[in-house]
Amino acid sequence: MAHFNIGDKVKFLNAVGGGTVTRVTDDFVFVQDDTGFDMPMPPTELIRMADISGAGKMFNQAVPGQIPSVEESRRQDEARSKAEAQAEALNRKLKEKFTGTADDSSADQLRDENKRLRSQVANLQDQVKKLKQQLSQLQSLNARKLNDNILSQYMVRPDEAEVDLHIEALTDHPERLSDGEKHDLQLRFFRTCLNHAILNSVKKVVFIHGVGRGVLKSDIQRELEQYDGLHYMDAPMSLYGVGATEVYFGSNVSKITP
């Protein structure tokens with residue numbers, strides 16, 4: 001099992017999102033996202049940013065707009081703090097009992113207190129379960145948002161996106177692909193982004209395809225020629241060199257029927 005330290009930058013292994021490790025317990029690693037919300041996560045569901053390469057850094061980002069309210073975050077923080085404090089109190093009481101440091105005359109009182117604390121811990125465990133369910137629902141909403149518009153993770157300004165089509169940005173192991181497979185992957189991802197831009201009324205997308213032999217650029221522009229209502233040109237050389245195409249979308253983009 002991976003060991004995490006406070007301050008580690010981590011991503012969720014099987015869900016969208018990530019953040020910075022703020023606290024580590026026996027069962028959970030608390031991860032603070034960019035909203036300041038600490039989320040308890042099992043260590044097996046996390047991976048350090050230093051262990052991620054390629055597409056993992058780009059495709060596993062949280063989508064803004066689906067975060068708990070401030071009041072909900074405060075209640076969740078209070079519940080976690082209360083659970084930790086009462087668990088510590090229970091451990092201290094049990095330690096006194098089994099090490100003989102407690103007064104035998106208070107055994108009955110200690111048993112009653114133990115029973116009460118166990119009941120509280122059970123209730124708090126239910127609260128933690130509910131928090132995990134809320135977290136799962138939030139991650140599902142983020143995942144659906146990403147599926148609805150893959151360009152959400154590439155937005156640089158409102159209604160404007162930049163998509164890197166270099167093969168290293170699309171797969172962790174480009175060396176395992178043939179040249180033809182690399183080209184097919186890049187072109188398929190371009191088409192997906194193009195469709196999402198049209199469906200979500202994005203006004204401008206810069207596709208960074210690189211120079212190479214010019215095959216990918218030619219295929220991209222051939223695809224763009226099949227649409228009415230959009231315009232494309234070489235992106236500014238001062239910003240992207242000679243390896244990017246800038247696409248502007250009108251209000252009524254449609255594919256040309258043969």
Side-chain angles (χ1 to χ4, degrees), residues 9-20 33-35 47 49 52-67 138-174 177 181-212 215-224 226-227 229-251 253 255:
K9 302 293 184 182
V10 297
K11 288 288 184 183
F12 301 142
L13 185 61
N14 295 313
V16 177
T20 303
D33 62 14
D34 55 6
T35 68
I47 184 170
M49 284 292 291
I52 306 174
S53 62
K57 291 184 177 178
M58 302 187 66
F59 287 91
N60 192 26
Q61 298 184 17
V63 179
Q66 299 288 347
I67 59 176
L138 174 62
Q139 291 171 342
S140 296
L141 287 172
N142 282 340
R144 287 197 296 271
K145 178 68 176 178
L146 185 61
N147 289 333
D148 290 341
N149 183 7
I150 199 170
L151 292 176
S152 296
Q153 60 187 319
Y154 298 115
M155 303 305 292
V156 293
R157 283 173 292 278
D159 297 326
E160 295 186 15
E162 291 181 1
V163 179
D164 189 354
L165 295 176
H166 285 90
I167 193 63
E168 294 81 6
L170 303 183
T171 177
D172 289 334
H173 301 287
L177 303 178
E181 290 171 332
K182 293 176 184 177
H183 180 77
D184 289 345
L185 175 59
Q186 290 170 305
L187 199 56
R188 285 200 308 272
F189 189 67
F190 159 76
R191 289 171 179 153
T192 298
C193 292
L194 180 64
N195 290 332
H196 281 218
I198 295 171
L199 291 173
N200 292 279
S201 301
V202 177
K203 294 181 179 178
K204 172 185 171 183
V205 180
V206 176
F207 292 101
I208 305 171
H209 45 67
V211 182
V215 176
L216 180 59
K217 177 180 179 180
S218 297
D219 287 346
I220 286 174
Q221 294 185 353
R222 189 178 299 111
E223 292 275 343
L224 295 173
Q226 299 179 28
Y227 290 84
L230 62 76
H231 305 279
Y232 70 89
M233 63 189 70
D234 289 340
M237 186 180 299
S238 58
L239 297 177
Y240 304 99
V242 294
T245 297
E246 201 168 60
V247 183
Y248 292 86
F249 298 85
S251 57
V253 178
K255 198 163 187 178

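Source: prediction; values computed, not measured.
Within a 6.0 Å radius of NZ in Lys203, no more than 12 heavy atoms belonging to other residues, nucleotides or ligands are found.
Residues Phe190 and Asp219 form no side-chain contact, since every pair of their non-hydrogen atoms from C-beta on lies 4.5 Å or further apart. The closest side-chain heavy-atom distance from Val205 to Phe249 is below 4.5 Å. Annotation: side chain of Thr245 is in contact with side chain of Leu224 (closest heavy-atom distance under 4.5 Å).
When all heavy atoms of Tyr227 and Asn195 are compared, the pair lying nearest together is OH-OD1, 3.7 Å. Shown here for Met155 and Ala161, the closest heavy-atom pair between the two residues is SD-CB, 3.7 Å. The heavy-atom pair separating Val163 from Cys193 by the smallest distance is CG1-SG, 4.0 Å. The two residues Val202 and Asp159 make their nearest non-hydrogen contact at CG1-O, 3.3 Å. Of all the heavy atoms in Phe12 and Gly18, the pair that sits closest is CE1-N, 3.6 Å.
Applying the ring pair (Phe, Tyr, Trp, His ring centres under 6.0 Å) test to Tyr232 and every residue at least two apart in sequence or in another chain returns nothing. Partners of Glu223 according to the salt bridge (Lys or Arg N to Asp or Glu O under 4.0 Å) rule, which considers only residues two or more places apart in sequence or in another chain, are Arg191. In this structure Arg188 satisfies the salt bridge (Lys or Arg N to Asp or Glu O under 4.0 Å) test with no other residue, sequence neighbours excluded. In this view, His231 satisfies the side chain to side chain contact (heavy atoms under 4.5 Å, CB included) rule with no residue, not counting sequence neighbours. The side-chain hydrogen bond (donor to acceptor under 3.5 Å, both in side chains) check on Glu181 picks up Ser178, with sequence neighbours excluded.
Atom CD of residue Gln186 and atom CG of residue Leu216 lie 5.0 Å apart, to the nearest 0.5 angstrom. Separating the CD1 atom in Ile198 from the CG atom in Leu230 is a distance of 6.5 Å, to the nearest 0.5 Å. Glu246 CD to Met233 CE: the interatomic distance, rounded to the nearest 0.5 Å, is 6.0 Å.
Here the side chain of Asp164 pairs a donor or acceptor atom with the backbone of His166 at under 3.5 angstrom. Looking only at distances, a side-chain donor or acceptor of His196 sits under 3.5 Å from a matching main-chain atom of Ile150.
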Taking distance alone, no hydrogens or angles, what donor-acceptor pairs closer than 3.5 Å link side-chain atoms of residues 234-241 to residues at least two apart or in another chain?
{"unit_1": "Asp234", "atom_1": "OD1", "unit_2": "Lys217", "atom_2": "NZ", "d": "3.1"}
{"unit_1": "Tyr240", "atom_1": "OH", "unit_2": "Glu162", "atom_2": "OE2", "d": "2.5"}

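With Lys182 as the partner, the side chain to side chain contact (heavy atoms under 4.5 Å, CB included) test is satisfied by one option alone out of Leu177, Thr171, Leu170: Leu177.
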